[in-house]
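Report on the following structure.
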Amino acid sequence: MRLGYPCINRSIGCTANSTFRLASYSKQNLLAKVENNLNCLMKILEYNVKNGLFFFRISSDLVPFASHPICKVDWSKHFEKKFKAIGSFIMKNRIRISMHPDQFVLINSPRRIIVQRSIKELEYHCKVLDAMELDSTAKVQIHIGGVYNDKEKAIDRFITEYESLPTSIKKRLVIENDHISYGLKDCLVIHKRIKIPVIFDTFHHKCLNNGESINAAIKMAKKTWSKKDGILMIDYSSQKPKAKKGTHAEHINIKHFKKFIEETKNFDFDLMLEIKDKERSALKAIRVLKEIRKYNRLLF
DNA sequence: AGTTGTCAAGCTAGT
DNA sequence: ACTAGCTTGACAACT
């Protein structure tokens with residue numbers, strides 16, 4: 001098992017998701033931001049390795065406006081060396097990488113323009129991972145999308161669109177159960193038809209499920225990952241107390257986390273902690289893992 | 001220096 | 001009709 005957190009590190013005073021307004025777009029602005037973001041990404045990854053965190057989600061804002069028509073800069077070429085250096089650091093340290101495009105990415109929308117924009121955005125995410133020369137275990141995760149008052153048709157559209165995507169996207173794309181529309185069962189039905197791996201989100205599953213236990217759910221999700229995809233990725237969070245259902249917790253709930261780890265000790269997977277305070281909770285989680293699982297990434 | 005309205009993009013549920 | 005929430009607040013103009 002590798003453990004990690006998404007996108008932002010609050011300890012090192014440097015972020016890899018710095019952006020700017022579309023109105024102030026210029027080639028110079030873009031290059032300056034990307035350079036800053038890549039440098040910070042490297043620092044974050046170094047911090048993570050030092051602290052035993054070997055799973056990281058790279059921010060979608062790494063290259064601002066990359067999929068926007070305004071962007072004409074060949075950023076992957078311009079920063080070729082930096083991307084490769086980051087990639088080789090990732091591979092050398094066997095860090096698992098994911099990316100999670102925004103909520104606007106919907107390949108099952110009935111509106112063609114939204115699907116087209118979404119594909120551009122997926123191309124961008126895959127291009128980042130390709131520029132780092134990462135293999136197909138580095139994943140880009142999305143939800144199925146909207147329901148549009150007809151779930152069956154919406155699922156059919158998802159499948160049709162998926163099938164016509166370029167291989168460069170297909171080899172990285174995975175789907176994740178959400179907390180209001182498409183549960184694990186829906187994801188598994190889709191997997192059966194197109195073999196796309198399913199990321200299991202424990203918190204979403206708690207909000208929306210068909211009565212599957214955590215163990216049964218993980219067992220089913222795990223089967224959707226083949227060798228070229230790497231081991232199962234799981235997103236973990238817990239409910240923020242007293243907040244609206246579906247709101248992610250600010251801090252890790254150690255009791256809840258211990259219970260989850262105890263329950264799932266017979267499975268190996270990479271675990272993403274979707275907790276607002278980021279590496280702070282992740283470091284606490286590592287301590288729990290060391291206690292319970294004898295966490296040692298070298299075993300895997 | 002600190003505060004606050006605003007920012008490319010969509011959808012759903014709750015109020 | 002409007003807003004919060006979503007994988008993640010940060011930017012930029014103002015006081």
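The distance from atom CG of L22(A) to atom P of dA9(B) is 9 Å, rounded to the nearest whole Å. Rounded to an integer number of Å, the gap from D61(A) CG to dA9(B) C1' is 12 Å.
Distances shown here put a side-chain N or O of S18(A) below 4.0 Å from the OP1 or OP2 atom of dC11(C). Between S60(A) and dT8(C) there is no side-chain N or O to OP1 or OP2 distance below 4.0 Å. R10(A) has a side-chain polar atom (N or O) that falls below the 4.0 Å cut-off from OP1 or OP2 of dG9(C). Between S24(A) and the phosphate of dA12(C), there is a side-chain N or O to OP1/OP2 separation shorter than 4.0 Å. Applying the 4.0 Å criterion to OP1 and OP2 of dA8(B), one finds that K120(A) has every side-chain N and O outside that range. Phosphate proximity of dC6(C) to K276(A): present, with a side-chain N or O under 4.0 Å from OP1 or OP2. OP1 or OP2 of dG10(B) sits under 4.0 Å from a side-chain N or O of R117(A).
Ion pair E46(A)/K50(A) not flagged as a salt bridge, since none of the NZ, NE, NH1 or NH2 atoms sits closer than 4.0 Å to an Asp/Glu carboxylate oxygen. Ionic pairing of R193(A) and D156(A) is present here: one or more N-O contacts between side-chain nitrogen and carboxylate oxygen are shorter than 4.0 angstrom. Ionic pairing of R280(A) and E250(A) is not present here: no N-O contact between side-chain nitrogen and carboxylate oxygen is shorter than 4.0 angstrom.
Nucleotide dT3(C) has dA13(B) as its partner under the Watson-Crick or G-U criteria, with both atom distances under 3.5 Å. As the counterpart of dC7(B), dG9(C) is assigned, both hydrogen-bonding distances of the Watson-Crick or G-U wobble pattern falling under 3.5 Å.
When each of I180(A) and K278(A) is assigned the nucleotide of DNA chain C with its nearest heavy atom, I180(A) is the one assigned upstream, toward the 5' end.
Nucleotides dA13(C) and dT8(C) place their P atoms 27 Å apart, quoted to the nearest Å. Using atom P as the reference point in both dT3(C) and dT6(B), the two lie 12 Å apart (nearest Å).
In terms of the side-chain contact (heavy atoms from CB on, under 4.5 Å) criterion, residue partners of D229(A) (sequence neighbours excluded) are, by chain and number, K139(A), P197(A), W225(A), S226(A).
In this structure, E176(A) reaches neither bases nor backbone, as no heavy-atom distance under 4.0 Å exists between it and the strands shown. In this structure, E274(A) reaches the sugar-phosphate backbone alone: every heavy-atom distance under 4.0 Å involves primed, P, OP1 or OP2 atoms, never a base.
Closest to the side chain of N17(A), out of dT8(C), dC11(C), dC11(B), is dT8(C). Residue S67(A) places its side chain closer to dA8(B) than to any other of dA8(B), dG9(C), dT8(C).
Residue R57(A) places no side-chain atom within donor-acceptor reach of the base of dT8(C), judged by atom type and a 3.5 Å distance cut-off alone.
Cation-pi geometry between K127(A) and W75(A) is met: the NZ or CZ atom falls under 6.0 Å from the ring centre, inside 45° of the normal.
Look at F104(A) and the base of dG10(B); the rings do not stack under the cut-offs of 5.5 Å between centres and 30° between planes.
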